[in-house]
Amino acid sequence: MRYSVSSNAQVRVRFAPSPTGWLHIGGVRTTLFNYLFARKHGGKFLLRIEDTDTERSEQKYTDDILSSLKWLGMEPEEPILYQSKRFDLYKKVADDMVSKGQAYRCYCTEAEVEATREQMMKEGKKPMYARTCRNLTAPPTGREHAPFAIRSKFPLTGTTSFKDMIRGEISFPNEDLDDFVIIRSNGVPTYNFVVVIDDIEMKISHVIRGDDHINNTPKQMYLYAALNHLAPPDGDAPKVPMFAHLPMILGQDKKKLSKRNGETSTNAYREQGFLPEALLNFLVRLGWSHGDQELFSMQEMIDLFNLENVQVSGAVFNTEKLMWIAGEHMKKADPTRLLKIIQTDFGKCFSGVSLPRLKEPLTIELIKHIQQKVKLVKEVAEQLHPLLEKGVMPVDSSGLKWNKDADTKQKVKNGIESLIELGRKKLLGNNSLAEAGVGHADIDGILRGICEQHGIKLGDFTGPMRLFVTGQATSAIGLFDLLPILHWSDIEERLQACLKA
RNA sequence: GUCCCCAUCGUCUAGAGGCCUAGGACACUGCCUUUUCAAGGCAGUAACCAGGGUUCGAAUCCCUGUGGGGACGCCA
């Protein structure tokens with residue numbers, strides 16, 4: 001909160017997800033803060049795939065992370081580092097630590113370790129490894145050829161502390177810290193180990209991550225000290241990066257956001273039709289603020305972002321606010337771009353419509369109006385669908401007010417007949433009234449005129465028309481705007497259907 | 001249980017000792033327009049976890065308590 005960035009160091013940050021699940025929305029927020037920080041300081045944003053868990057890592061998840069980041073517009077600026085390709089290196093570093101007495105071979109079985117852990121829990125202590133093998137000079141008898149893990153030889157006394165850029169000084173008594181495993185008995189390295197090796201090699205200047213990593217930091221501090229010799233000789237990278245631990249994103253139940261208490265998959269938001277900039281705007285306000293400002297363009301986020309204004313406590317993921325922000329960004333979006341997204345992501349919404357109709361300029365005109373009222377791209381597509389259909393569509397007219405009043409019903413029909421006639425006259429051989437120079441205000445005048453002439457209320461008149469022309473009782477586009485845009489032939493067919501209702 | 005972190009309206013937040021009878025936003029409620037719908041405008045309800053200090057003065061600093069969350073893996 002109170003620490004600023006030293007100006008001469010090159011800022012290099014990374015997002016380091018493990019491909020064991022779809023890109024989590026919390027990961028997107030972490031990425032966003034890293035990305036904004038890099039942009040703001042003229043640094044670089046990098047990506048590292050932490051696929052050391054060979055059991056659970058899957059290619060499809062890596063693909064998902066990559067495609068989601070691309071969708072969000074936050075792509076890495078240097079080649080992606082895959083940890084699974086570097087096992088040999090990690091092993092060598094670990095062996096080196098063993099030979100220097102910074103780590104040791106542990107011959108305990110998982111069951112043995114688990115047993116002591118449970119025992120300590122019962123005694124009211126923090127469950128830790130009993131350090132059985134810490135001072136061994138040779139393998140225990142009978143286990144000479146047994147597989148062994150490699151553990152860090154973490155100091156037993158003193159304290160380990162670091163200065164968090166968001167929270168200030170955080171320190172841990174060393175006696176509470178474990179001799180954590182750095183290489184599993186199957187030879188695969190663990191997270192806390194490789195993260196340090198890679199951050200050193202990638203010359204990461206600032207580690208910005210979720211605060212669930214606070215407790216890992218002292219372990220990593222130990223490793224930074226032990227692996228100091230790995231730091232690049234050019235000295236342009238800090239020996240130990242600065243840390244900034246971001247508050248968690250919480251579900252409605254105030255617990256860490258997970259599948260159980262909210263939608264966590266980034267893809268789901270894309271499929272629902274959120275604009276990426278809307279999602280990002282919502283996410284940036286979860287834990288960060290700039291005075292009273294709520295709406296930010298990507299450029300504004302970059303210009304305004306800073307770690308000083310990052311919040312310390314967790315933030316509940318609030319879907320209502322997301323929806324509001326989505327609507328605000330929708331209003332500002334370029335309609336041509338919206339059409340493109342509709343075509344690539346929401347083609348399925350157009351069953352029964354010949355897609356070439358999407359290319360007609362009238363589509364853009366329709367989108368311009370629709371986007372003012374809806375929040376999601378999918379909604380734009382759904383609103384567009386019936387409008388682009390040729391001719392009549394099935395409608396449910398049972399809810400119409402005129403069902404209760406035969407007199408009005410007849411008057412409205414008379415009015416519609418007048419409208420059809422008038423429309424033809426105004427069309428002057430064009431496809432649509434708009435092409436003939438008829439606009440919103442003209443339609444307003446025409447409809448009001450007809451209502452006056454036939455002695456009906458505007459609301460009674462527009463209700464049935466809206467239903468038959470849009471196929472829906474309510475629509476995201478006003479009738480006054482819609483009538484000029486659509487092909488008059490389609491409107492006429494639909495109004496004829498209305499007359500028969 | 002142990003360690004770490006946190007604590008302002010229901011939610012996101014502003015707040016860096018006096019500008020705070022605590023501001024904005026979402027949501028909610030009401031009103032206006034009711035001569036088009038899911039628009040727009042206006043207004044309102046609503047919070048400094050508790051107790052002790054420090055200070056002329058505390059939402060803001062300190063301590064304690066309470067509450068919440070996170071971490072305690074040969075997951076990341």
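Sequence lines set the chain letters: A, B, ... in the order given, protein chains first and strands last, and positions in each chain run from 1.
Stacking annotation: A:Phe480 is stacked on the base of B:U36 (ring centroids less than 5.5 angstrom apart, interplanar angle below 30 degrees).
Between A:Lys256 and the phosphate of B:A71, there is a side-chain N or O to OP1/OP2 separation shorter than 4.0 Å. Note on A:Lys321: every side-chain N or O is 4.0 Å or more away from OP1 and OP2 of B:A25. Between B:C12 and A:Ser289, no contact under 4.0 Å exists linking OP1 or OP2 to a side-chain N or O. Between A:Lys219 and the phosphate of B:C4, there is no side-chain N or O to OP1/OP2 separation shorter than 4.0 Å. Between A:Lys254 and the phosphate of B:C6, there is no side-chain N or O to OP1/OP2 separation shorter than 4.0 Å. Considering only side-chain N and O atoms, A:Arg117 lies under 4.0 angstrom from the phosphate OP1 or OP2 of B:G73. The shortest distance between the side-chain N/O atoms of A:Arg184 and the OP1/OP2 oxygens of B:A76 is below 4.0 Å.
Rounded to a whole Å, the CG atom of A:Leu387 is 13 Å from the C1' atom of B:C37. Remark: C1' of B:C5 and CG of A:Asn215 are 8 Å apart, rounded to the nearest angstrom. In this structure, A:Asn192 places its CG atom 12 Å from C1' of B:C72, rounding to the nearest Å. Going from atom NZ of A:Lys126 over to atom C1' of B:C4 covers 8 Å, rounded to whole Å. A:Tyr191 has its OH atom 12 Å from the P atom of B:A71, to the nearest Å.
Separating the C1' atom of B:G18 from that of B:G1 is a span of 45 Å, rounded to the nearest Å. The separation of B:U33 from B:A59, taken at their P atoms, amounts to 43 Å, rounded to a whole angstrom.
The base of B:G23 lies close enough to the side chain of A:Asp292 for a donor and an acceptor atom to sit less than 3.5 Å apart. Residue-to-nucleotide contacts include no donor-acceptor pair under 3.5 Å from the side chain of A:Thr190 to the base of B:C74. Contact of A:Asn216 with B:A76 (side chain to base): a donor-acceptor pair of N or O atoms is detected under 3.5 Å. Counting atom types as modelled, A:Glu114 pairs no side-chain N or O with a base atom of B:G73 as donor and acceptor under 3.5 Å.
Side-chain contact annotation: A:Asp63 with A:Gln59, donor-acceptor N/O pair under 3.5 Å present. Side-chain contact check for A:Ser289 and A:Asn309: no donor-acceptor pair (N or O, by modelled atom type) lies under 3.5 Å.
In terms of position along RNA chain B, the nucleotide closest to A:Pro127 lies nearer the 5' end than the nucleotide closest to the other residue of the pair A:Phe282 and A:Pro127. Nearest-nucleotide assignment on RNA chain B puts the 5′-proximal partner with A:Trp324, out of A:Trp324 and A:Gln383.
Ring-centre distance between A:Phe282 and A:Phe317: below the 6.0 Å cut-off. For A:His213 and A:Tyr191, the ring centers sit closer than 6.0 Å to each other.
Of the possible donor and acceptor atoms, one in the side chain of A:His24 sits under 3.5 Å from a partner among the backbone N and O of A:Gly26.
More than 12 heavy atoms of other shown residues, nucleotides or ligands fall within 6.0 angstrom of atom NZ in A:Lys409.
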